[in-house]
Trainee: 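One structure follows; several queries about it will come next.
Labels below follow one simple rule: chain letters A, B, ... track the order of the sequence lines, proteins then strands, and each chain is numbered from 1.
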2 protein chains.
Amino acid sequence: MKDDTPWLDEQENRIWRAFLQVSGRINAQLSESLKTTTGLTMDDYEVLVHLSESESHRLRMTELSHRLLHSQSRLTQRIDRLSKRGYVCREKCPDDGRGTFAVLTPAGMQVIKDAAPHHVKDVRAALIDLIEPKERPLVADVLERLATQARDRDLG
Amino acid sequence: MKDDTPWLDEQENRIWRAFLQVSGRINAQLSESLKTTTGLTMDDYEVLVHLSESESHRLRMTELSHRLLHSQSRLTQRIDRLSKRGYVCREKCPDDGRGTFAVLTPAGMQVIKDAAPHHVKDVRAALIDLIEPKERPLVADVLERLATQARDRDLG
DNA sequence: ACATAGTACTTAAAAGTTGAACTATGTCAA
DNA sequence: TTGACATAGTTCAACTTTTAAGTACTATGT
């Protein structure tokens, strides 16, 4: 590689290290808390959230795997487990014989309703409450820009 | 649970969603890139980085597992694999018969030296370059506060 | 209509992670 | 000293994720 990339300076390095640390630790804290209060993993919870927010409480497998940033086979197996527990089920897609919908069941809806308040409390404690209100607009802007640019790169 | 936790408002929700998205996506991008350019996973790389920055290129297993937020058994097995590849080795701790050091080998040092410029370029592209210079001081502050508070909670 | 290529999802085996039990050593008070 | 308890690290079985095929359907070109 050509050496046209400067090393990270002090401030850049602080940002990168802290980012790594924070994303690891928030994930660990929320996972831990979700597991003990509801028996769900973070991955389980995110599946249920995405379904609960979708039209007819259903999403195509591929669409869901993209949203979760999971491989298709990983999603296949997670849906297997969630449906064994009765929280989701599969339905064939009527328009496309290859397709399958993951569908939230009433039991799944109930589980996520029960879990949500705990989870919100944890998100506040781990993230939101630690950002001063006056800092929030900038933080939201920066994070959304990062999310958008990253997504654009994936697609483009 | 008592219903004393308000739901996330619009701005809080944007922050949380974007954070989730960004941390997932940056991790995916960097992993992908590291793997194709150097054959290392992110976890491998982080082990080597921590060792390379430590006194005598070595760290106690437990200390390293804390820094990486990995379980001890996960670290044991990662060090097994890295030492099979010749990038690290184990040395008994002379002061404490129970203890083991993970030690970076010259081959491991070389690997990380080769990997670093690619990785830095990726970190810039995925994170640093997307934050305006004038935003960086605040972003650094917020992230470090999040990292610190989270760590304090783990310990206390 | 048929071959070809592409898409959606699943399966199976290998690789990695978790969590509890286990080994070995260290610490400390009686 | 000894016994009780704590700490450092590994091992093992169960589980999850990855990787590489495999199956079944759709789209496209002739």
Trainee: Given atom NZ of B:Lys92 and atom P of C:dT25, what is their separation to the nearest angstrom?
Mentor: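 Going from NZ in B:Lys92 over to P in C:dT25 covers 8 Å.
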Trainee: Applying the Watson-Crick and G-U wobble criteria at under 3.5 Å, what pairs with D:dT30? Answer none if nothing qualifies.
Mentor: C:dA1
Trainee: Between atom CD1 in A:Ile79 and atom P in C:dT10, what is the gap in whole Å?
Mentor: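 So the two atoms are 9 Å apart, to the nearest Å.
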Trainee: Phosphate oxygens OP1/OP2 of C:dA15: is one of them under 4.0 Å from a side-chain N or O of B:Arg81?
Mentor: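 For C:dA15, neither OP1 nor OP2 has a side-chain N or O of B:Arg81 closer than 4.0 Å.
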Trainee: Taking atom NZ of A:Lys92 as the centre, does the number of heavy atoms from other residues, nucleotides or ligands within less than 6.0 Å exceed 12?
Mentor: yes
Trainee: Measure the distance from CD on B:Gln77 to C1' on C:dT18 and round it to the nearest whole Å.
Mentor: 9 Å
Trainee: Between the base of D:dG9 and the side chain of B:Gln72, is there any donor-acceptor pair under 3.5 Å?
Mentor: yes
Trainee: Counting the atoms with a prime plus P, OP1 and OP2 as sugar-phosphate, which does B:Lys35 contact under 4.0 Å by heavy atoms, base, sugar-phosphate, or nothing?
Mentor: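 Here B:Lys35 touches the backbone only, sparing every base.
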Trainee: More than 12 heavy atoms of other residues, nucleotides or ligands under 6.0 Å from CD of A:Glu53: is that the case?
Mentor: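 Yes, enclosed.
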Trainee: If you go through the side-chain atoms of A:Ser73, does one of them form a donor-acceptor pair with the base of D:dT19 closer than 3.5 Å?
Mentor: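 Such a pair exists between side chain and base.
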Trainee: Please confirm whether the shortest side-chain N or O distance from A:Arg74 to OP1 or OP2 of D:dT16 is below 4.0 Å.
Mentor: no
Trainee: Would you mind classifying the nucleic acid contact of B:Thr100 as base, sugar-phosphate or nothing, using non-hydrogen atoms under 4.0 angstrom?
Mentor: sugar-phosphate
Trainee: Heavy atoms within less than 4.0 Å of DNA chain C: which residues of residues 52-63 of chain A have one? Give them sorted by number.
Mentor: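 Residues of residues 52-63 of chain A under 4.0 Å from DNA chain C: A:Arg60, A:Met61, A:Thr62.
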Trainee: Is it the case that A:Glu91 and A:Thr100 place a side-chain donor and acceptor less than 3.5 Å from each other?
Mentor: no
Trainee: With a cut-off of less than 4.0 Å, is there a side-chain N or O of B:Arg98 near OP1 or OP2 of C:dG26?
Mentor: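 For C:dG26, OP1/OP2 do not have a side-chain N/O of B:Arg98 under 4.0 Å.
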Trainee: In whole angstrom, what separates B:Glu32's CD from D:dT19's C1'?
Mentor: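 Between C1' of D:dT19 and CD of B:Glu32: 13 Å.
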